[in-house]
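Got a structure here, written out as structure tokens. Questions coming.
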Amino acid sequence: MKAIIPAAGLGTRFLPATKSMPKELLPVLDKPVIQYVVEEALEPEGVDGVIIVNSREKPQIEDYFSIDEKLEDMLSSRGKDELAQRVHEASTLPVSFVYQDNPCGLGHAVLCAAEAVGAEPFFVLLGDYFVPDRQMCLRMKEVSKEHGGASVIAVAPVPEDQTNRYGIIAGECTNRSETADAESEGAVWKVSGLVEKPEPKDAPSHLFIVGRYLLSSRIMELLATQGPGAGNEIQLTDAMERLLAEEEMYALVVDPAEGCDTGTPAAWAATNARMALLDPNQIDAFKEALGQAAENLG
Ligand code: G1P
């Protein structure tokens, strides 16, 4: 099974940094954000290949996943074998590229990978969020298997005033009774509708799509005829709403706190702090630097 990671966006939230650098290559500590997402997809029982939907304006992403023998040789000749090995790692990952020449929505980006995924179900992982070491793909596959191979999306409770930033589901919980419990981690909903970025008064539930999808290949045919929706873009959510008329779909409630958001400068900075506190090689130096910074601020 393959995973698609859309990466052709302009990264406007990170301008001016993204004027000359793809937002997917922003580092979290010493590794680009997109590598965390690729590694999440490739966790055991996840997928066996990743297709990055790139823009031709961002060749740096492909450079990153290509071998750089000169750099590796230079590091080895200086006795930095471990670093050479880390540099080499990215070039060994099973990543391929397709192109989206005119960014006109998430649905359009996914459609660009239609040929590459073929007639199999596939994952879509949005690239400004990653969930380390939680086997997200495996958990979604298991829900799909329990429901006859249906499509599965990951959802989480949305703050009431933020429904207009996300896709929101309508449906019913299949495995929990209490309302609060039905929105907690592990609850599974049968989806009956999907709305992209509704105002709070129009939102059909409190659950938003967090950017992890396991989709039936039929969605590609529907995307091929999908007209523009919210923001005048071809929305994946709208094609999924049409898929519902033909096939079942389920939503797995996940704990948003298990994921790391890198979608805005503030969220990205907080993710760096969190990863530094979790990294035995960084935690002491990070705490010291942070303490120093706090002291300097008085
Ligand atoms: C996209 C999807 C939306 C989803 C969101 C998650 O929106 O269209 O349904 O909830 O990602 O981050 P975007 O962030 O591209 O506007």
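Just follow the structure's listing: the first ligand is 1, and inside any ligand the first atom is 1.
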Taking 4.0 angstrom as the limit, do Glu258 and Arg134 come out as a salt bridge? yes
Just to confirm my output: which protein heavy-atom neighbour is closest to atom 4 (C) of ligand 1, and how far is it? Ile209 O, 3.4 Å
Counting from 1, what ligand 1 atoms have a heavy atom of Gly167 closer than 4.0 Å? 3 (C), 4 (C), 9 (O), 10 (O)
Got a salt bridge between Glu72 and Arg86, using NZ or NE/NH1/NH2 to carboxylate O under 4.0 Å? no
Taking the basic N atoms (NZ, or NE/NH1/NH2) and the acidic carboxylate oxygens, is any pair closer than 4.0 Å for Lys58 and Glu24? yes
Within 45° of the six-membered ring axis of Phe123 and under 6.0 Å from that ring's centre, is NZ or CZ of Lys2 located there? no
Does ligand 1 have any atom sitting under 4.0 Å from a heavy atom of Leu236? no
Modelled atom types, side-chain donor and acceptor of His108 and Glu233, under 3.5 Å: no
Just which atoms of ligand 1 are under 4.0 Å from any heavy atom in Leu126? 1 (C), 11 (O)
Quick check on Asp101: does its CG atom have over 12 non-hydrogen neighbours (other residues, nucleotides or ligands) under 6.0 Å away? yes
Give yes or no for whether the N/O distance cutoff of 3.5 Å, strictly under, is met between Glu196 and ligand 1. yes
Is atom 15 (O) of ligand 1 touching the protein, meaning some protein heavy atom lies under 4.0 Å away? no
Within ligand 1, which atoms have a heavy atom of Thr237 less than 4.0 Å away? 9 (O)
Nearest non-hydrogen protein atom, atom 13 (P) of ligand 1: Lys197 NZ, 3.7 Å
Please determine if Glu45 and Lys145 form a salt bridge, counting it only when a charged side-chain N lies under 4.0 Å from a carboxylate O. no
Quick one: which ligand 1 atoms are inside 4.0 Å of a heavy atom on Gln235? 8 (O)
